[in-house]
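Note: hydrogens, waters and symmetry copies are ignored here, and every other heavy atom, side chains too, is used. A note on names: the letters A, B, ... follow the listed sequences, proteins ahead of strands, and every chain is numbered from 1.
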There are 2 protein chains.
Amino acid sequence: MEKLDDIDLKILRILQKNSKKTTKEVAQMLNLTASPVYERIRRLENKGYIKKYVALLDKIQLNRPITAVCMVSLRYHNEGFIDKFESQIKELKEVQECYHMAGKVDFFLKINLQSLDAYHEFVRLKLSKIENIGVLESYFVLKEIHSTTEFFI
Amino acid sequence: MEKLDDIDLKILRILQKNSKKTTKEVAQMLNLTASPVYERIRRLENKGYIKKYVALLDKIQLNRPITAVCMVSLRYHNEGFIDKFESQIKELKEVQECYHMAGKVDFFLKINLQSLDAYHEFVRLKLSKIENIGVLESYFVLKEIHSTTEFFI
DNA sequence: TCTGAAACCTATAAACT
DNA sequence: AGTTTATAGGTTTCAGA
């Protein structure tokens, strides 16, 4: 599979919206039979175009209503310090996303918690335990306007 | 279902990691038979704890390597202006996430594109066409340290 | 709420166009 | 690359504990 053809892209568009669609249903949408669609999906998985299949949960119902975005700048920027920061962040289960950024801020973190109080404790007990954090600026999500795992392909 | 019990939570933890696990496999992990697990998953879906099932794709292989975070502040903050901004943002397929924030910045956007050039064009042709944007600050992801759709439950 | 059995359907593979 | 056919195994339902 050197390049994806139009059918592959259509399959990916369908599955990133709803991975519970059966091979048969996808095949019908594409005017094909199940076998070729089955083979294509297998290839897309094996080649890594599809990384995984997951259930997306409702954070409100699961009592994780608070989403915070943290902008972090390190004090020291040696390779060792950066690697250590990254590995320490990965230990924190509350951190959903962590990106190393270009620009005046070093890292963006997205954090999910049950309450503002829990955020306070999170910063006090966990983030502050990570050495080498120079500046820490917190922002809170008031409302999720739009959020998807889909890519525009 | 008033509250989730321990078995429900275990099911959710499994499915948010890998929704391809069969009912039977999940049942085995919990020392149960398929039937009760099947019923529980159905209930978790119907009650909205599980919102949807999706395939997560590889943005690099799909040629969307650039992730930008945009911080936007509006010029005017009347209800009408905010609603209009939000509905215009939802039209932009490149925007994966948009949050209304508390603090000195009004919105965070996460945008996925094929190149920095495409980002330039995106700002020039699409974002700038949205009226009422006061300040627009762009950050680029150098490296994804950690990214998951899972909640810590 | 669970177990276990039965019916049904899908995933998967093989043989062929 | 696709269709058709065959079958193992999972999904789904339900009676009973």
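The side chain to side chain contact (heavy atoms under 4.5 Å, CB included) test applied to Ile7(B) returns Asp5(B), Ile11(B), Leu30(B), Leu32(B), Arg40(B), not counting sequence neighbours. Residues that satisfy the side-chain hydrogen bond (donor to acceptor under 3.5 Å, both in side chains) test with Ser19(A), not counting sequence neighbours, are absent from this structure. For Asp6(A), the salt bridge (charged side-chain N to carboxylate O under 4.0 Å, His left out) partners two or more places apart in sequence, or in a different chain, are Lys10(A). Remark: Asn31(B) pairs with no residue by the side-chain hydrogen bond (donor to acceptor under 3.5 Å, both in side chains) rule, at least two apart or across chains.
The hydrophobic cluster containing Met71(A), built from Ile/Leu/Val/Met/Phe/Trp/Tyr side-chain heavy atoms closer than 4.5 Å, also comprises Val69(A), Tyr99(A), Met101(A), Val105(A), Phe108(A), Tyr139(A), Val141(A), Val69(B), Met71(B), Tyr99(B), Met101(B), Val105(B), Phe108(B), Tyr139(B), Val141(B).
One can place CG of Asn31(A) at 16 Å from C1' of dA1(D), the figure rounded to the nearest angstrom. Rounding to whole angstrom units, NZ of residue Lys20(A) and P of dT11(D) are separated by 8 Å. At whole-Å resolution of the value, CD1 in Ile41(A) and C1' in dA11(C) are 10 Å apart. The separation between Leu32(B) atom CG and dT1(C) atom P is 12 Å, rounded to whole Å.
Contacts classified as salt bridge (charged side-chain N to carboxylate O under 4.0 Å, His left out) and involving residues 117-130 of chain A (residues at least two apart or in different chains) are given here: Glu94(A)-Lys126(A), Glu121(A)-Arg124(A). Residue pairs meeting the salt bridge (charged side-chain N to carboxylate O under 4.0 Å, His left out) criterion with at least one member in residues 56-75 of chain B, sequence neighbours excluded: Lys59(B)-Glu144(B).
Residue contacts shown for Ile7(A) are limited to sugar-phosphate atoms, with no base heavy atom under 4.0 Å away.
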Please produce a list of atom pairs where a protein N or O lies less than 3.5 Å from an N or O of nucleotides 15-17 of chain D.
none

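Candidate nucleotides dG4(C), dG10(D), dT10(C) were compared by shortest atom distance to the side chain of Thr33(B), and dG4(C) ranks first.
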Handout entry: Sugar-phosphate or base contact per nucleotide [nucleotides 12-17 of chain C; S, B, -; heavy atom under 4.0 Å]
Key = SBB---
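Salt-bridge check for Lys84(A) with Glu131(A): passed, with a basic side-chain N closer than 4.0 Å to an acidic carboxylate O.
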